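Take a look at the structure set out below.
Reckoned from all heavy atoms, side chains included, excluding hydrogens, waters and symmetry mates. Being a predicted model, the structure only gives us computed values, none of them experimental. So that the names make sense, note that chain A is the first sequence line, chain B the second, and so on, each numbered from 1.
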Amino acid sequence: MSNQAAELPKAYRPSDHEERVRGVWEVAGAFRADPGRVASGERRPFAVVIPPPNVTARLHLGHALNNTLQDVLVRAHRLMGFEALWMPGTDHAGIATQAVVERRLWEEEKKRRHDLGREAFVERVGAWKDDYERQITDQLKLMGCSCDFGRQRFTMDGVCARAVREAFFRLFRDGLIYRGKRLVNWDPALQTAVADDECFEEEVESKFYYLRYPLVHDRPGDAEPVTWDELAGRGFPGAGEHPADQPAWVTVATTRPETYVADTAVAVNPHDPRAGALRGLSVELPLVGRVVPVVEDSYVVLPEALARTEEEKNDPKARFATGFLKVTPAHDKNDWEIGVRHRLAVVNMMSPDGRVSDAHGWTDVGDARVFVGLTMVEAREKVVAEFRARGLLEKVTPYRQTLTYSDRSKAVVEPYLSDQWYVRVTDERLAASANRALTPEQRGGGVGGAGAGGDGDGAMTFFPARYAKTFEQWHAGIRDWCISRQLWWGHRIPVWHRRVTIGRGESPSAGEIGAMGLDRVIRGGEAGGVVRVRDAEGREVPAAELLREDAANERVFDVYVCYDGNDPGPERRLEQECGFTQDPDVLDTWFSSALWPMSTMGWPDPARAASETGDPSMAGLLEAFNPTSVLCTAREIITLWVSRMTMFNRYLLGEDRGAGKGAGPVPFRHVYIHAVVQDGEGQKMSKSLGNGVDPIDIIQTHGSDAMRFTLCHMATQTQDVRMPVDILDPFSGEAFAPKMITNAQGARVAAPVQEHKGRRMVSSYGVASGEARPTSEMPAAKNTSSKFDLGRNFANKLWNASRFTLSILDRGGAEVGAGAGGSSPGGAALADRWMKHRLARAAGEIEAALSNYEFAGYAQSLYRVVWDDFCDWYLEAIKPTVGGSAAQRATLAASLRSLLTLAHPVMPFITEVVWESLAPRLAGLPAVDGVRFEGGRGDGSPLCVSGWPRFGAGVMGDEAAGREFDRVRSLVTAVREVRAQHGVLPKRKITLHAPDAGRSVWAGKEEIGVLIRTLGGVETITDQGPGGPSVLVSFESGEWRLSDLADAVDAGAEEARLRKVVADLERSIATLRGRLSNPGYAERAPASMVQQTKDQLAKAESEVDSARSALKALGAG
RNA sequence: GGGCGGGUAGCUCAGCGGCUAGAGCACUCGCUUUACACGCGAGGGGUCCAGGGUUCGAAUCCCUGCCUGCCCA
């Protein structure tokens, strides 16, 4: 391999190197984490589990950000000598993936999943998963992610599946998983319950229907109508206006009249003046004939006319309200709550496919049979018609209503009563345990957790800290977690069920229960199984009830059996011999994700996982790396995932490690919440808006390092990342800002057809919305963002600085004595001391930024030290001397190595490439005082494991070098200012006149003089006054002047320049004087502050004097 | 409805008690200065959302209002 710097091309071309560098890392096994080195105490662990991307689709820019930040942390810690584990993997994403595959199946084959059958369909989804898992892994590799790819897991693979079985079993055994009837969001199209986060809301034009319900006395066997006369007698306001002998009614307002058949009450606000008169009365539902009570509940909105406060009056519903609310507990969340409060009956009137049905918990159908079989929409019309026909429809008014839709099917979601499995997360050992995990400083309510410093209570910290509040409040108001999903793709719920009737000779008898093998389980003799029993009313009863032989009555039970899954035998027997069936549902995806920091490391049985995967090191993973170091994720994930991982880790590992259930280790010590990537309009990037940028496109055009650096640079603590999206012209390859329009939904999007340089193309929005079809003349254009130029330019800068450095190292040169190479105190050249000082400072800033998860701060510090310090000043400063000084070349090399290392976490490819050339050249150079690299894996290592720069106290504390070099920089800047203002060409040889003996001695010192001449483009520095025309250099006090700027000084330019200098100085003098003349300032401000102000004023006054006299000398002052 | 952010240069953002308020991009001027035009040097550009308060001193802390985004109900 030739490392001749001359052969490196002028510009950094990422595609020339990235693939090869990935190979270098792989061959070196650089990302392989060894739990043995942790167990032996050789290295400290640093572990991160990837938030597993969904196998639904390829990675987007949000993933790119998320994974870049993780990689920065992992690579930095690996460089620092930690045993770094980054656990990769993917998530099966139940509903999302199933929906994608179902849609494709329909589009391509016009088949539904039922046409294939469960097994064949799951196979299809599995094939999809294989495809996307591979693509995602490839993408991660292209991004340079240093995951331990050999350990890749999938939430449904064998290792993870065992964890799911074990977790479910333990929670079921401990009574923390139960079956409950609850209202769920029901998607009638997919016929499944969907989670809140799988829904979206939309406002639609709707109507309020006003239905009259006849008031009755609920007499056993008969309902006696209430007349208006009687109502008037009870003090019902306005009752007297109705015919006295006619039946009275109340009017309910509803947007869903079709559900009236499932009403089980009418509610009135207790503050409503009519409430008292209705107390004890009922209403009779027309057609159905059901008599339901009038109840009082303050949830009911008072009509506008009765509102007591402004707030009540302003309730948008007040305008539509009648004060009477039909209560349908089975079909409305709020009604469900009212039903719970008043112990109301629950009637379900809908079948799973969204039709009116009397087969799902509705027995008193009566004349309402006319509605059965209709869809909900048809039923609404029919109900309205029937009420109208009976004179019971008072009116209909238009109303804008918010409806909830299913994300996947776009169907209107129905609140639906259904049997579901729940995790009792409200248990103290789960939700409360999660909150106890918070570090005491981040806990609200003055509840200081003890035990900080350990792995359990108080061991978890959020960055930024404010998110701890989100976490804590979530658990304070948490509700039990519905974990069953009516899907085929996922972990099948490991519960076997059979309804048994016991007694009166029915089968099975208690003896037969014994024959099933369940008696031992029930009696606790078989540890691997648990039986739960519910009676006909759904109440849980002791399982031993099944074994009672002497039952006098026939008893019906639902029997649920769960095994730990270690032996499939008993389950098979239940199915094949005992008539049990496995629950058809699957678990919520988050159930398996919640186990991720455990399951990926082999829990519950690492040794078994090790033998099954053929990877012996798996046996030690869990012990070495859980708790992990940090979880990097986005805001909304706090409630969905962080919470659940915390609860499960603490509960399950708590049991294993003897700390107690719920008192176990936290899954991660730190939780870092990062920003969300938005488009230039502050909208979420989404497929349908066509405003997404594909990370792989950016890697192709700008390189992986450039993308990573840019994302890192944007990752600030408070702001979401706003990224204006440009369009990549497929003809010219140039990026341009698209013409934007507002679409029908009110989103700002790129116009479907774009024009650039006279050619037309289709934007991503055009393609996504179908509003424009790409053709060969008018092709589709990809999205990009000019933001990424920042990273590309920076990578190129680092590349060229490296090229230049390498060429200097190759040229070498004869020693040219002390001279500029080393004439300062301590023997080292000023520029070298300064550069090391800056490096030490930058390394300190970077370490601090990373330990606080301030990624933008890291990127900025890096950018400054590379570009400003190293390139603009150091490299320029040493040009004349470095050829003659091996010591300076050594410092140069050590500086570049430091920069490569500091940059490596965010720009792994380019730094590794340069390192290949730099490393062999280090051997022949002298040691550099105060700079060493620690934590590396020795000579010949790739950069990614070559150690981290550490600077000695002498370098860190070398403030003198900082001050002196800064003085040179000030003078040089002043000289350059004059040159620019006077249009002096770079090659023009100019002369700097130092003002007096003292300063000329400074500027005349060999080393300083070289710097000033080199950096300022000065030919000669002299303490002689100018013989010919000259101009003032504004530097400290005294007459620094420049001559030989031109054949004649441009008096006009000089006057303009000086006037500006004077004006600027006068402004600052006014500010400083004002501050000093404030009497409170001198008295109360710190003395050093006051002195600093005085010094600044003196300096400014001195400089303004020089400038004024120069103006006067020009004849203009 | 509850909670959490943000409003600083044309754009994207730093700064979060004291430098004459900064960076990158964009803009202006000059430059084939042999590492880099994905560059070098110089420059223009800001009543730091509005109003009140605390302070010797506020972009920065507190209060109120306006606008805007997100999370949870």
Side-chain angles (χ1 to χ4, degrees), chain A residues 5 8 10-12 196-197 311 315 333 464 466-467 469-470 472-474 477-479 634-640 673 675-676 678 680 682-684 702-703 706 710 713-714 716-724 737 785-808 854 856-857 859-860 863-864 867-868 871-872 875-876 879 972-973 975-988 1014-1017 1057 1060 1064-1072 1074-1076 1078-1086 1088-1090 1092-1093 1096 1100:
Chain A
L8 297 176
K10 256 174 88 163
Y12 174 62
D196 288 342
D197 53 286
E311 198 183 338
D315 188 322
K333 278 187 179 156
R466 69 186 122 95
Y467 292 112
K469 198 168 174 180
T470 306
E472 199 169 28
Q473 288 177 349
W474 166 254
I478 201 167
R479 294 205 250 168
R635 271 192 297 272
E636 72 271 17
I637 301 303
I638 295 172
T639 54
L640 290 173
I673 303 295
V676 172
Q678 303 170 332
Q683 306 167 127
K684 257 189 186 160
H702 288 70
T710 303
H713 192 267
M714 293 174 109
T716 58
Q717 300 298 293
T718 50
Q719 290 271 82
D720 277 341
V721 178
R722 196 173 282 205
M723 176 172 286
S785 175
S786 60
K787 287 270 150 200
F788 292 106
D789 293 353
L790 169 73
R792 184 197 54 191
N793 295 353
F794 183 54
N796 193 56
K797 189 68 177 176
L798 182 59
W799 178 253
N800 278 292
S802 301
R803 254 184 356 120
F804 184 52
T805 299
L806 293 171
S807 75
I808 289 170
E854 291 164 359
Q860 280 165 15
Y863 191 94
R864 270 200 303 270
W867 202 307
D868 299 349
C871 295
D872 285 351
L875 285 183
E876 295 302 328
K879 274 180 180 175
V972 166
T973 302
V975 169
R976 286 173 175 175
E977 205 174 302
V978 172
R979 296 187 70 117
Q981 293 297 325
H982 284 272
V984 179
L985 294 175
K987 282 179 183 154
R988 178 93 189 183
T1014 309
L1015 298 167
R1057 186 180 74 85
K1060 185 182 172 306
D1064 287 350
L1065 286 168
E1066 278 175 346
R1067 200 147 32 86
S1068 98
I1069 287 167
T1071 306
L1072 295 169
R1075 193 173 302 164
L1076 287 169
N1078 181 339
Y1081 183 65
E1083 284 170 34
R1084 308 209 188 177
S1088 62
M1089 200 73 233
V1090 177
Q1092 186 186 316
T1093 309
Q1096 285 170 341

Does B/C40 have OP1 or OP2 sitting under 4.0 Å from an N or O in the side chain of A/Lys797?
yes
Can you tell me if A/Arg635 touches the phosphate of B/C72, counting only side-chain N or O atoms and a distance under 4.0 Å to OP1 or OP2?
no
Could you check whether A/Thr1071 gets within reach of a base, just the sugar-phosphate, or nothing at all, counting any heavy atom under 4.0 Å?
nothing
Over all strands shown, is A/Gln1092 touching base, sugar-phosphate only, or nothing at heavy-atom distances under 4.0 angstrom?
nothing
With respect to the phosphate group of B/C19, does any side-chain polar atom (N or O) of A/Gln1096 fall under 4.0 Å of OP1 or OP2?
no
Examine B/C36: is either OP1 or OP2 under 4.0 Å from a nitrogen or oxygen in the side chain of A/Lys10? Give yes or no.
yes
Have a look at A/Gln473 and say if it touches a base, only the backbone sugar-phosphate, or nothing, with a 4.0 Å heavy-atom cut-off.
sugar-phosphate
If you measure from the C1' atom in B/G46 to the same atom in B/C11, how many Å do you get, rounded?
14 Å
Would you say a side-chain N or O of A/Ser807 is under 4.0 Å from OP1 or OP2 of B/A35?
no
Could you tell me whether A/Arg635 and A/Asp720 make a salt bridge, using a distance below 4.0 angstrom between a side-chain N and a carboxylate O?
yes
Checking all strands, does A/Lys684 fall into the base, sugar-phosphate, or nothing category for heavy-atom contacts under 4.0 angstrom?
sugar-phosphate
Return no unless some side-chain N or O of A/Trp867 is found under 4.0 Å from OP1 or OP2 of B/C40.
yes
When the C1' atoms of B/C67 and B/U8 are considered, how many whole Å apart are they?
16 Å
With a 4.0 Å cutoff (strictly under), does any side-chain N or O of A/Lys469 reach OP1 or OP2 of B/C4?
yes
Using a 4.0 Å heavy-atom cut-off, does A/Tyr863 contact any base of the nucleic acid, only the sugar-phosphate backbone, or nothing at all?
sugar-phosphate
Can you find a donor-acceptor N/O pair under 3.5 angstrom joining the side chain of A/Glu854 to the base of B/A14?
no
